[in-house]
There are 2 protein chains.
Amino acid sequence: MPTKKKPQVTPTPERRRELLATAAEVFAAQGYNATTVRRIADEAGMLAGSLYYHFDSKESMIDEILSTFLDELWQGYDEVLAAGLGPRETIEALVTESFREIDRHRPAVAIYQKESKHLATQPRFAYLADSQTKFEKAWLGTLERGVTEGVFRDDLDIRLTYRFVRDTVWVAASWYRPGGHHSPEEIARQYLSMVLDGIALRT
Amino acid sequence: MPTKKKPQVTPTPERRRELLATAAEVFAAQGYNATTVRRIADEAGMLAGSLYYHFDSKESMIDEILSTFLDELWQGYDEVLAAGLGPRETIEALVTESFREIDRHRPAVAIYQKESKHLATQPRFAYLADSQTKFEKAWLGTLERGVTEGVFRDDLDIRLTYRFVRDTVWVAASWYRPGGHHSPEEIARQYLSMVLDGIALRT
DNA sequence: GCCGTTCCCTAACAAGTGTTTGGTAGGTTA
DNA sequence: TAACCTACCAAACACTTGTTAGGGAACGGC
């Protein structure tokens with residue numbers, strides 16, 4: 001049995017991550033279907049066929065991009081949900097965590113928003129649908145708990161509220177640019193302020 | 001000069017609208033680039049080549065879908081903006097009008113959301129960028145007027161507020177289904193209530 | 001009956017697509 | 001030095017794509 005050794009020039013998994021990062025950037029900008037593997041290879045400074053040394057298909061690229069993102073997302077979410085916070089504090093923590101994920105995985109989030117809906121129908125991407133179910137359970141459950149505990153309004157359609165909060169947070173990935181005026185935490189703070197208290201001046 | 005006469009079985013412009021409607025539905029569901037003209041033709045009960053009797057390209061289909069939608073949108077918006085309402089009433093009217101447009105042009109709105117960003121770079125779709133500029137001017141201007149008149153909070157980043165309101169409204173097209181539990185007006189009412197007053201219970 | 005128009009079909013085209021195969025430069029290991 | 005592995009290139013493959021050209025059936029007007 002030959003001894004495992006570290007690669008020589010560029011470590012293999014690092015190169016993989018580099019390529020996935022550029023692929024994600026192009027996917028997010030142009031859309032998955034509109035992106036050719038030649039374009040990705042171009043951006044990475046190589047030829048189309050060479051990509052197939054690292055990945056076995058274009059589909060497996062977006063697969064790895066999305067699953068990596070979701071894994072990290074749920075790592076953060078599960079931590080929040082396990083902390084045993086009150087409903088309002090849970091929502092605050094989830095929103096903050098979400099903006100941190102957008103900061104870290106902006107291209108992946110953008111891809112997820114645009115493509116997950118019709119990708120989820122394919123068996124390979126079943127985990128997208130699973131994640132969405134789990135997502136809804138977490139957020140909707142927290143909102144319902146907040147209503148029964150009297151911290152959230154009870155005169156609103158709760159599912160409408162859920163979609164409202166969910167969308168307001170995640171669409172931010174379409175305009176957010178890392179290194180902008182506000183940090184993820186500051187954006188989260190202002191968004192939470194708007195969602196919880198509204199934009200109208202209280203009289 | 002031959003006299004113009006009405007077509008015999010199905011009036012031409014009506015058939016055109018039918019085909020555009022099915023095309024819009026497929027574009028919205030699958031994405032523009034992922035949609036083949038054969039798929040559209042299939043859905044319309046004809047063969048791919050036959051579409052080219054009505055339209056001269058796939059691009060001209062999405063072009064007509066989007067421009068038709070934007071024309072009607074601005075018809076409604078301009079009416080609201082010309083009414084001389086106060087800032088809060090203007091926002092309320094714009095949001096309500098937006099949900100009506102989503103109700104009427106749901107596929108077009110969904111397409112606009114997904115594709116306008118990278119379509120706007122092409123000269124043919126320059127009107128998309130123009131519309132977005134006009135859009136921002138109208139909403140942002142109204143919000144700023146509201147802050148100076150003391151009806152909206154002044155402790156928020158106004159551009160963040162703008163994107164917040166804009167996105168919350170228009171993303172609704174991704175889940176909205178006509179004939180659902182709520183009318184567009186009812187959804188607008190609840191959304192406005194959340195945006196203006198927040199979802200937290202006032203103590 | 002004939003003509004013209006409308007609307008679609010058949011069949012093909014050229015360009016672009018994701019992917020495969022065989023090869024090879026250059027460093028690492030033995 | 002020889003064998004080996006990594007990471008890429010060069011060139012082609014089969015297939016799908018948007019689009020076109022020619023034809024024909026159904027119908028109304030004359």
Side-chain angles (χ1 to χ4, degrees), chain A residues 1-24 26-27 29-65 111 115 118-119 122 124-125, chain B residues 1-24 26-27 29-65 111 115 118-119 122 124-125:
Chain A
M1 184 195 288
T3 55
K4 288 272 172 69
K5 62 223 166 270
K6 288 248 186 286
Q8 52 286 27
V9 189
T10 347
T12 308
E14 173 132 2
R15 184 70 177 128
R16 218 185 148 75
R17 265 188 308 236
E18 283 176 21
L19 292 174
L20 277 180
T22 67
V26 184
F27 283 154
Q30 322 248 356
Y32 173 69
N33 282 283
T35 301
T36 71
V37 296
R38 286 169 231 272
R39 181 84 168 74
I40 299 174
D42 237 44
E43 213 77 23
M46 54 198 244
L47 291 183
S50 308
L51 282 173
Y52 288 79
Y53 172 76
H54 299 276
F55 311 97
D56 46 66
S57 72
K58 180 188 174 188
E59 202 181 64
S60 77
M61 295 188 207
I62 196 178
D63 190 351
E64 194 164 334
I65 291 170
I111 296 168
E115 320 285 352
H118 68 268
L119 281 181
Q122 296 175 240
R124 171 171 196 169
F125 295 94
Chain B
M1 185 196 287
T3 54
K4 288 272 170 72
K5 58 209 165 276
K6 287 248 186 285
Q8 51 284 29
V9 188
T10 343
T12 308
E14 173 133 1
R15 183 73 178 126
R16 216 184 148 76
R17 265 187 309 234
E18 282 177 21
L19 292 175
L20 277 180
T22 67
V26 184
F27 283 154
Q30 322 247 356
Y32 173 69
N33 282 284
T35 301
T36 70
V37 296
R38 285 169 230 273
R39 181 83 168 77
I40 299 175
D42 237 45
E43 214 76 23
M46 52 197 242
L47 291 182
S50 307
L51 283 173
Y52 288 81
Y53 172 74
H54 299 276
F55 311 96
D56 46 64
S57 73
K58 180 189 175 188
E59 202 180 65
S60 77
M61 294 189 208
I62 197 178
D63 190 352
E64 193 164 337
I65 291 170
I111 296 168
E115 319 285 352
H118 67 267
L119 279 181
Q122 297 175 239
R124 173 171 195 169
F125 295 94

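When reading the values below, keep in mind they use all heavy atoms of this one structure, side chains included, and skip hydrogens, waters and symmetry mates. Protein chains get the first letters and strands the later ones, always in sequence-line order, with residue 1 at the start of each.
- Residue pairs satisfying the salt bridge (charged side-chain N to carboxylate O under 4.0 Å, His left out) criterion with at least one member in residues 36-47 of chain B, sequence neighbours excluded, are listed as follows: B:R39-B:E43.
- B:R15 places a side-chain heavy atom less than 4.5 Å from the side chain of B:L19.
- With rounding to whole Å, B:L47 atom CG is found 16 Å from D:dT16 atom C1'.
- Atom CD1 in A:I62 sits 5.5 Å away from atom CD1 in A:I111 (nearest 0.5 Å).
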Give every pair of a protein N or O atom and an N or O atom of nucleotides 17-19 of chain C that lie under 3.5 Å apart, one pair per line with the distance.
from	atom 1	to	atom 2	distance (Å)
C:dG18	OP1	A:T35	O	3.2
C:dG18	OP1	A:K58	NZ	3.0
C:dG18	OP2	A:V37	N	3.0
C:dG18	N7	A:R38	NH2	2.8
C:dG18	O6	A:R38	NH2	2.9
C:dT19	OP2	A:Y52	OH	2.4
C:dT19	OP2	A:K58	N	2.7
C:dT19	O5'	A:Y52	OH	3.2

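- Annotation for A:M61 and A:A23: closest pair SD-CB, 4.5 Å, computed over non-hydrogen atoms.
- Per the geometry, CG belonging to A:D42 stands 14 Å off C1' belonging to D:dC9, to the nearest Å.
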Pairing annotation in dot-bracket form, given for DNA chain D with Watson-Crick or G-U pairs under 3.5 Å and | for cross-strand partners:
||.||||||||||.||||||||||||||||
Check: residues 46-55 of chain B side-chain donor-acceptor pairs under 3.5 Å, at least two apart:
from	atom 1	to	atom 2	distance (Å)
B:S50	OG	B:L47	O	3.4

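- For B:F27 and D:dG18, the CZ to P distance is 9 Å, given to the nearest whole Å.
- With rounding to whole Å, B:L51 atom CG is found 14 Å from C:dT10 atom P.
- One interatomic measurement links the two molecules: CE of A:M46 to P of D:dT6, which rounds to 16 Å at whole-angstrom precision.
- Residue A:F55 contributes atom CZ, which lies 11 Å from atom P of D:dC8 at whole-angstrom precision.
- The distance from the CD1 atom of A:I40 to the CD atom of A:Q30 is 10.0 Å, given to the nearest 0.5 Å.
- Applying the ring pair (Phe, Tyr, Trp, His ring centres under 6.0 Å) criterion to B:Y32, with sequence neighbours excluded, gives B:F27.
- D:dT17 atom P lies 12 Å from atom CD1 of B:I40, rounded to whole Å.
- Taking side-chain N and O atoms only, B:S50 has a distance below 4.0 Å to OP1 or OP2 of C:dC9.
- One distance of note links OG1 of B:T35 with NE2 of A:H118; it measures 8.5 Å at 0.5 Å rounding.
- For A:Y53, a side-chain nitrogen or oxygen approaches OP1 or OP2 of D:dA7 to under 4.0 Å.
- Within the structure, salt bridge (charged side-chain N to carboxylate O under 4.0 Å, His left out) pairs that include any residue of residues 47-60 of chain B comprise B:E59-B:R124 (at least two apart or interchain).
- Considering only side-chain N and O atoms, B:H54 lies under 4.0 angstrom from the phosphate OP1 or OP2 of C:dC8.
- What separates CD of A:E14 from P of D:dT6 is a distance of 17 Å, to the nearest Å.
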